[in-house]
Structures are given as structure tokens and as C-alpha cells.
Amino acid sequence: MEPNKNPEVSPFTKFCLVSLSPLTAQRSPGMPMDIDSPFSMPENSVYNNQQRFGIFDPGSAIQGKKFACKCRKTYCLKLYCDCFANGEYCIGCGCMECKNIPECESERRISITQVMERNPEAFHRTQPVITKTCNCKRSGCRKKYCECFSSGLGCNSSCKCEGCLNTG
DNA sequence: GAGTTTGAAACT
DNA sequence: CAGTTTCAAACTC
């Protein structure tokens with residue numbers, strides 16, 4: 001039994017905390033932020049993402065980034081935020097008071113830890129997602145509200161959807 | 001563009 | 001664990 005200074009955070013969680021930080025993962029821990037980086041505000045600062053990156057333009061703002069959120073209340077630190085849920089920082093998003101940014105890394109890591117305590121699979125980064133499950137009731141699983149449908153997947157036996165039309 | 005609907009995530 | 005609330009995206013008008 002190895003000595004564990006922080007029994008509430010598993011090695012896997014620690015691994016994810018690092019691997020889910022796209023920029024910090026490429027630095028040594030504690031290494032100061034690049035002065036020329038666009039992320040050079042003091043940690044814990046709160047700001048409107050649009051103020052830094054300009055007006056949100058979903059068509060062109062995101063370069064090399066799959067997601068662009070518009071979160072308003074969650075500081076982009078909940079799984080409601082697509083960027084956060086996919087282990088991405090918010091860059092060029094239309095979100096407000098975003099904390100899913102390197103200078104709020106400490107808060108971000110706390111949130112990641114909380115999410116993973118709730119669901120260790122939340123950040124499924126180590127393996128591709130082949131199946132999803134949904135609980136749709138009204139959409140017939142034929143609209144993007146349905147996670148299966150929106151991922152281009154058919155519903156499966158694990159789904160608890162009602163009136164499913166997304167069978168294959 | 002504003003308002004509504006939807007279902008996941010979060011909370012109790 | 002079940003029911004409820006909150007949330008942001010999808011959708012409709």
C-alpha cells in the first residue's frame with residue numbers, strides 16, 4: 001500500500017487533471033504562463049470571453065477547436081459546457097465569466113475533480129466512445145437533443161428512451 | 001432575434 | 001435512488 005497524501009484524488013484522476021489541460025500538459029507543473037500567451041491574465045480573474053477574443057463568430061473563431069460554447073452561468077466548469085466536457089479550454093467561445101481557461105486552472109481542476117468523483121468516466125479520453133445512451137422521451141431520438149442521434153449513433157439496449165425512432 | 005422545447009447534468 | 005431544478009443547446013416561430 002503506497003502512501004497516499006491525498007486519498008480523495010486517485011492516480012487516474014490526477015492523470016486526467018493533467019491530460020485534460022491542453023496547454024498545461026505541455027508545461028512543467030508550476031511553470032509560469034508564457035508572457036506572450038493570450039492567457040496572461042492573473043489566475044482567478046473573471047471575464048467575458050468575448051472581451052478577450054472579440055465577438056463570437058461560430059463560423060470562423062474556432063481554429064483547431066471543435067467546440068464553441070455560449071455558457072452564461074456555469075463558468076464553463078460543468079459538463080453542460082461542451083468545451084469543458086471534452087477537455088478543451090474555451091477559446092473564442094461566446095461564453096460569459098468563463099473559468100475554463102488556463103489562468104483559472106486551479107478552479108478548473110477542482111471542478112474536474114468534482115465531476116470525476118461523480119462519474120469517473122465523464123472525461124472519456126483514454127478510449128474512443130463507440131456507444132452512447134440516452135433517456136429521451138419526446139424527441140423520438142431523431143433530433144440532436146438525443147445524444148445518440150447527435151453522435152451519429154443508433155440507440156441501443158442500454159438506452160431508456162421512449163418512442164425511439166433511432167434504432168439503427 | 002425571441003421564445004420554446006428538450007434532455008443531460010446537477011442538485012435535493 | 002428518485003424526483004426536481006438548472007442549464008445550454010436545439011429547435012420553432
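Side chains included, hydrogens not; waters and symmetry mates left out as well; all remaining heavy atoms used. None of these values were measured; they are calculated from a predicted model.
Nearest heavy-atom pair, K99(A) versus R108(A), reported as atom, atom and distance to 0.1 Å: O-CB, 4.1 Å. Between A68(A) and C93(A) the shortest heavy-atom distance is CA-SG, 3.7 Å. Minimum heavy-atom separation, L153(A) to K132(A): CD1-CG, 3.8 Å.
Considering only side-chain atoms of T74(A), the nucleotide from dT6(B), dA9(C), dC7(C) that sits closest is dC7(C). When distances are taken from the side chain of K144(A) to each of dG7(B), dA8(B), dC11(C), the shortest belongs to dC11(C). The side chain of Y80(A) lies closest to dA10(B), out of dG7(B), dC11(C), dA10(B). Nearest to the side-chain atoms of R118(A) among the listed nucleotides dG7(B), dC7(C), dC11(B) stands dC11(B). The side chain of C136(A) lies closest to dA8(B) when the candidates are dA9(C), dC7(C), dA8(B). Side-chain atoms of C134(A) lie closest to dA8(B) of the nucleotides dA8(B), dA10(B), dT12(C).
Listed pair S150(A) / dA10(C) fails the phosphate criterion, with no side-chain N or O lying under 4.0 Å from OP1 or OP2. Proximity of K143(A) to the phosphate of dT12(C): a side-chain N or O atom is located under 4.0 Å from OP1 or OP2. A close approach under 4.0 Å does occur between a side-chain nitrogen or oxygen of N135(A) and OP1 or OP2 of dA8(B). Taking 4.0 angstrom as the limit, K78(A) places a side-chain polar atom (N or O) nearer than this to OP1 or OP2 of dC11(B).
Atom SG in C69(A) sits 7.5 Å away from atom CG in N100(A) (nearest 0.5 Å).
One atom, CZ of R72(A), and another, P of dA2(B), lie 12 Å apart when rounded to the nearest Å. Note: CG (L79(A)) to C1' (dG7(B)) measures 14 Å, nearest angstrom. The CZ-P distance, from R142(A) to dT12(C), rounds to 14 Å in whole Å. Atom-to-atom, CD of E121(A) to P of dA8(B) comes out at 18 Å; the value is rounded to the nearest Å. The OH atom of Y145(A) sits 18 Å away from the P atom of dC7(C) (whole-angstrom rounding). Taking atom NZ of residue K137(A) and atom P of nucleotide dT4(C), one finds them 12 Å apart after rounding to whole Å. Taking atom CZ of residue F149(A) and atom P of nucleotide dT6(B), one finds them 15 Å apart after rounding to whole Å. In this entry the distance linking CZ of R138(A) with P of dA10(C) reads 19 Å, nearest Å.
Taking the six-membered ring where the residue is Trp, the centroids of F84(A) and F123(A) are separated by under 6.0 Å.
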